[in-house]
Engineer: 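The following block contains the structure, expressed as structure tokens.
In what follows, every heavy atom counts, from backbone to side chain, and hydrogens, waters and symmetry copies are set aside. Note that the structure is predicted; figures quoted are calculated from it, not measured.
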Amino acid sequence: MSSSHSTHSHAASSSTAAPSAVRVRFAPSPTGYLHVGGARTALFNWLFARGHHGTFILRIEDTDQERSTLEAEEGLLRDMRWLGLDWDEGPGIGGPHGPYRQSERLPIYRKAVETLLSNGSAYPCFCSEEDLERKRQEAEAEHRSPHYDGTCLHLSPDEVKKRLAAGEPHVVRVHVPGKDYAVDDLVRGRVEWKTETLGDFIIMRSNGMPVYNFCVVVDDADMEITHVVRAEEHLPNTHRQLILYEALGRPIPIFAHVSLILGPDKTKLSKRHGATSVGQYKDDGFLKDAMINYLALLGWAEGVDREIYTRAELAEKFSLERINPAPAVFDQTKLAWMNGQYLRSMPVDELIKLVAPKLKTAWPGDSRFDSDEFIRKLTSLVLNHLTTLNDVVKEAKAVLDDAPAPVDEDARAAIAVPEVPALFTALRGEFATCPWNKDGFNAAIKAAGKTAGVKGKTLFMPIRVKLTGTCHGAELVGILDLLGREEILRRLN
RNA sequence: GGCCCCAUGGUGUAACCGGCUAACACGCGGCCCUCUCAAGGCCGAGAGCGGGGGUUCGAGUCCCCCUGGGGCUACCA
């Protein structure tokens, strides 16, 4: 029998009917930092919730006691907060469907297991791991699918009772119905599974801990999740989950499986490709809004020629149906460009708030940084050279630190002009008295150039090199203004 | 091995339920602006849509096969 089992058609999907309000969740397992892939999944959920006046839930999937740590959980929450992906229900907030940490929901899972046991869709299995392993190998040798053979399914009720009473160790398995399943995935379309591809699977370990595939279903059902938006790696699991929803008698949510994020070599993005954690990007000086904007465009597009969106605009335009099913390569170069765009369009007051602590750390005790005005001038001066917030330190060093000797051949050449001594002499005189503003500088430089008989590049370059050691950098008059008369005269000597 | 997903320039994407010299952005090259670099503006080079068969007057868009990636197949999540 191959009756397809699906409760949602593509057409009836997201926005239309949906009498119940949207409820989505991001369910990371706290086994490490927040990965950009996870962040993007969280973002898609968040955007969908915000765009539909729905509820965004954060749930911690920590049933793997071996690998989960509190530290990782805290890191996850911190990075989520930094990105501004605020949740309506979850850790630190609570909500009507708590607790939101799976390790605290054990009684709920046990009760669900009881339900399945008593309605006949699950049964205890006493087979030992060794037996199972042996059977698996036999099956493989004979080229049969290595599925559970159903030994314990056929135990008599009396025997089950007896062995249970004797305290024999056992797991709980779900009996897989003999029919096919299908789901209409919002990003992938219809996906089908034949019944013979799956054997009776475990939902509760012999130590009494429920298994992931079971917990998600119990939780998603209990938390009344309407749309499950998650990574593609969970797509094959959906087969088991459909069976569990059915066994539990709970409505099946709408699914949307988002593709993976790859590194430049097209393999799954990992540490060896460089920074992969959101926290790392934060520390490297990326702006959260740029990060959000970039991530949103990784696998999603509105369909118009546009790159820059505020998060409110993203929430408004975002739709699950327009997510690209193909995996996407994480392009740091484009992220860098995006960050520059945000840096330059950000109100300066906001920018200097972010930049000030970095400068104060780099120049501890330097009183110049007590002045917001100084930081503002400095930041504006180097703004066009910034890719990240952290670049401000590097750029500031170039103008603030004592000018080194000419750093390269071009610099040496620029200053090795015969008129240069005369130019500097004239310049010292002009700078000693000129009004200390841009008009004053320009007049002074022009006058000194006239005296020494140079103009244009041969006038500006020697000054630049003398003051900063290099031919490249920020606007010269801006540097003069920033450093002040005294410092400039000192460097000119 | 079995099952499932994916496939447009170097990268991210667009091209409505088939109809254009395949569009936009990043990156790249050039020009302009300019004391330089950067930023910004303009112009340009990059794909004939993984390959092969179909269907059709017409296919990147539909169907089949293949190839190549990836995922799942755990008493991991």
Engineer: Mind listing the closest non-hydrogen atom pair of A:R230 and A:V228 along with its distance?
Structural biologist: NE-CG1, 3.5 Å

Engineer: Give the intermediate values and the outcome of side chain to side chain contact (heavy atoms under 4.5 Å, CB included) for residues A:L423 and A:I463.
Structural biologist: CA-CA 9 Å; A:L423 172 64; A:I463 305 174; 4.3 Å; yes

Engineer: Check A:E232 with A:R188, please: is the shortest side-chain N to carboxylate O separation under 4.0 Å?
Structural biologist: yes

Engineer: I'd like the P distance from B:G52 over to B:G9, given in whole Å.
Structural biologist: 15 Å

Engineer: Return the nearest nucleotide to the side chain of A:A301; candidates are B:A14, B:A38, B:U36.
Structural biologist: B:A14

Engineer: Taking the P atom of each, how far is B:A14 from B:U61, in whole Å?
Structural biologist: 16 Å

Engineer: Regarding A:V329, tell me which of base, sugar-phosphate or nothing describes its non-hydrogen contacts under 4.0 Å with the strands shown.
Structural biologist: sugar-phosphate

Engineer: What's the gap between B:A38 and B:C6 when it is taken at their C1' atoms, as a whole Å value?
Structural biologist: 40 Å

Engineer: Report the glycosidic orientation of B:G10: syn if within 90° of 0, anti in every other case.
Structural biologist: anti

Engineer: For A:V454 and A:V420, what are the C-alpha separation, side-chain angles and deciding distance, and is it a side chain to side chain contact (heavy atoms under 4.5 Å, CB included)?
Structural biologist: CA-CA 9 Å; A:V454 288; A:V420 160; over 6 Å; no

Engineer: Can you say whether a donor on the side chain of A:S206 sits under 3.5 Å from an acceptor on the base of B:C75, or the other way round?
Structural biologist: yes

Engineer: Could you tell me whether B:G46 is syn or anti, where syn means a glycosidic angle within 90 degrees of zero?
Structural biologist: syn

Engineer: If the P atom of B:U8 is compared with that of B:U13, how far apart are they to the nearest Å?
Structural biologist: 9 Å

Engineer: Distance check: side-chain N/O of A:N324 vs OP1/OP2 of B:A14, anything under 4.0 Å?
Structural biologist: yes

Engineer: Between B:C20 and B:A59, how far apart are the C1' atoms? Round to whole Å, please.
Structural biologist: 14 Å

Engineer: Quick one: label A:G299 by what it contacts on the DNA or RNA (base, sugar-phosphate, nothing), any heavy atom closer than 4.0 Å.
Structural biologist: sugar-phosphate

